[in-house]
2 protein chains.
Amino acid sequence: MNDELLQVLRRAPQERADAARNRSRVLEAADRLFAEGGVAALTVDAVAQEAGVGKGTVFRRFGDKSGLVSALLDQRERELQEAVVFGAPPLGPGAPARERARAFFDAYLTYLADHLDLVGLSETASPGARFRVGAYVFWHRHLALLCADRPDPDHLAHVLLGMAAADLNTELLAQGVGWDRIRAGVASAVDALVDPSCSP
Amino acid sequence: MNDELLQVLRRAPQERADAARNRSRVLEAADRLFAEGGVAALTVDAVAQEAGVGKGTVFRRFGDKSGLVSALLDQRERELQEAVVFGAPPLGPGAPARERARAFFDAYLTYLADHLDLVGLSETASPGARFRVGAYVFWHRHLALLCADRPDPDHLAHVLLGMAAADLNTELLAQGVGWDRIRAGVASAVDALVDPSCSP
DNA sequence: TAGACAAGCGGACTTTGGTCCGCTTATGCT
DNA sequence: AGCATAAGCGGACCAAAGTCCGCTTGTCTA
């Protein structure tokens, strides 16, 4: 009876044991390949072979390459997500919107600097992938809430997140713009775009 | 003698007659294919075949698919570029920075609305292609000049151009956000980010 | 006009993401 | 335990971008 209720509550009703085993096998294989050969070694065929599964299995589990890479990043990103929802201010709730936004971008840029190539892969793998990744939707909601008193928080949140796009920052780095300068520019734009008063 | 001087002045010293002929053949073929079958019909193989040249020739002339599509867009974009440099204010020189920036985005969004899929293709075809297209560099310079009194005009110009990214606006349209709302959001962000006083 | 040489050409080949479909197997029910 | 069934599996197959290299051809000079 209880089990029944629990099962109804879950979105994905169940995942077969072999499916779950393969999921983690694939993720571990991808991690290993990336650790050894960087982003260039992360071809779907190679991951499938290293995991000892068929290529179709990888696509079945993760949808596309972007999904696979996103899953790889998921764990680290989740840490930041929790800090935003449950953590102490200014990252977590309690501080004024502008400060929270600044703290978010500060933390996110640190995360991005550490995983730039993987994030780039996950955002670039297929056109528009960026916006479909779960994390993007999450950050977007977060920022839109912080801008709730603006005329179009939804659009503004997209604009703000544009500053964190991997391809932009990859390009900036390639042009010799360092992370410190990027941070300063982002902070300045956040100040101009996010109202300091609102504090949800 | 004069010819010699002229030849020194050109960047690309010369283009062989057959090369030039093939360039226009390829562009015409691409135009035709796009007119008939939209963006889906624009594969490099198809373009090469339609133009009656080898695939290698297409890549030799245009570098990659992104370059080919950019060349297709070049003509229409050039119109806007000239209006920005030589045209009447507020798009052309003479108006205050903020108004020029607003006028630019207004004009660019019109252009984008008309060619969204082609622009999307040119920006997406290869990762980072967006920033390498000649037009991007041009717009970037333009906006950076308009923000010359800001702490980091270069970075700010990139942020501003992020609002015009094809993939973002494609996503917004897919989410049901119309062009009018996009325009309003962009205008509002421009107002917040571009200093009204500066007028180069 | 002839000859040298760089620029150009073409299409077979490689790489890689993604699809498809017939076979296998875990799971839940009786 | 045995069965029905849907989920899962694998790898052959496809599409499309981009590379390579031996052959061709325009162009410049003598």
Side-chain angles (χ1 to χ4, degrees), chain A residues 1 3-4 6-8 10-26 29-30 33 37 39-70 121-129 132, chain B residues 1 3-4 6-8 10-26 29-30 33-34 37-70 121-129 132:
Chain A
M1 206 51 154
D3 289 339
E4 221 175 329
L6 278 175
Q7 199 155 316
V8 169
R10 304 185 197 199
R11 278 98 205 270
Q14 57 195 313
E15 184 173 67
R16 256 167 57 167
D18 53 347
R21 191 175 58 242
N22 280 338
R23 149 170 290 130
S24 53
R25 265 192 201 159
V26 168
L33 284 178
V39 86
L42 269 191
T43 71
V44 178
D45 292 85
V47 170
Q49 185 172 6
E50 172 85 9
V53 304
K55 195 183 193 177
T57 303
V58 177
F59 283 100
R60 165 171 286 269
R61 285 275 86 74
F62 298 100
D64 60 5
K65 192 181 180 181
S66 172
L68 170 60
V69 179
S70 297
L121 203 56
S122 85
E123 294 183 353
T124 301
S126 80
R132 269 169 260 128
Chain B
M1 205 53 151
D3 290 339
E4 220 177 329
L6 277 175
Q7 199 156 317
V8 168
R10 305 186 197 199
R11 280 95 204 272
Q14 58 196 313
E15 183 172 67
R16 254 168 57 167
D18 52 346
R21 192 176 57 242
N22 280 339
R23 151 171 287 130
S24 53
R25 264 192 203 159
V26 168
L33 284 178
F34 176 68
V39 87
L42 270 191
T43 72
V44 178
D45 292 85
V47 170
Q49 186 172 4
E50 172 85 10
V53 305
K55 195 182 192 177
T57 302
V58 178
F59 282 100
R60 165 171 286 268
R61 285 276 86 72
F62 299 98
D64 60 5
K65 191 180 181 181
S66 172
L68 169 61
V69 179
S70 298
L121 203 55
S122 84
E123 293 183 355
T124 302
S126 79
R132 269 169 259 131

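Order of the sequence lines fixes the chain letters, A, B, ..., with proteins taken first and strands second; residue numbering starts at 1 for each chain. Both backbone and side-chain heavy atoms feed into the values below; hydrogens, waters and symmetry mates do not. Since we're looking at a predicted model, the values are computed, not measured.
- B/Lys65 contributes atom NZ, which lies 6.5 Å from atom OG1 of B/Thr43 (distance to the nearest 0.5 angstrom).
- Remark: P of D/dA7 and CZ of A/Arg21 are 18 Å apart, rounded to the nearest angstrom.
- Between B/Arg25 atom CZ and C/dG8 atom P there is a gap of 16 Å when expressed in whole angstrom units.
- In this structure, the CZ atom of A/Phe62 is 16 Å from the C1' atom of C/dG17, given to the nearest Å.
- Under 3.5 Å, the side chain of B/Lys65 and the base of D/dA16 form no donor-acceptor pair of N or O atoms.
- Proximity note for B/Arg60 (side chain, C-beta onward) versus C/dA7, C/dT19, D/dG18: the nearest is C/dA7.
- Put simply, CD on B/Gln49 is 14 Å from P on D/dA15, counting in whole angstrom units.
- The shortest distance between the side-chain N/O atoms of B/Asn22 and the OP1/OP2 oxygens of C/dC9 is below 4.0 Å.
- A sub-4.0 Å separation between OP1 or OP2 of D/dA7 and a side-chain N or O of A/Arg16 is absent.
- The side chain of A/Thr43 sits closest to C/dG17 out of C/dG17, D/dG10, D/dA17.
- Taking atom CG on A/Leu121 and atom C1' on C/dG17, their separation rounds to 12 Å, with Å as the unit.
- Of the side-chain N and O atoms in A/Arg61, one or more sit less than 4.0 angstrom from OP1 or OP2 of D/dG8.
- With rounding to whole Å, B/Phe59 atom CZ is found 13 Å from C/dT15 atom C1'.
- B/Ser24 contributes a side-chain N or O that, together with a main-chain N or O of B/Arg21, makes up a donor-acceptor pair within less than 3.5 Å.
- Here the side chain of B/Val44 is nearest to one of D/dG10, D/dA17, C/dC9, namely D/dA17.
- Rounding to the nearest 0.5 Å places CZ of A/Arg23 at 12.0 Å from OG1 of A/Thr57.
- Positionally, the nearest nucleotide of DNA chain D for A/Lys55 lies more toward the 5' end than for the other of A/Lys55 and B/Ala17.
- As a whole-Å value, the separation of B/Leu33 CG from D/dA16 C1' is 15 Å.
- Under the 4.0 Å criterion applied to side-chain N and carboxylate O atoms, B/Arg61 and B/Glu15 are assigned as salt-bridge partners.
- Shown are A/Ser66, A/Ser126, A/Ser70; of these, the side chain to side chain contact (heavy atoms under 4.5 Å, CB included) with A/Arg132 is made only by A/Ser126.
- For D/dG10, the OP1/OP2 oxygens have a side-chain nitrogen or oxygen of A/Thr57 closer than 4.0 Å.
- A/Asp45 places its CG atom 14 Å from the P atom of D/dG10, with the value rounded to the nearest Å.
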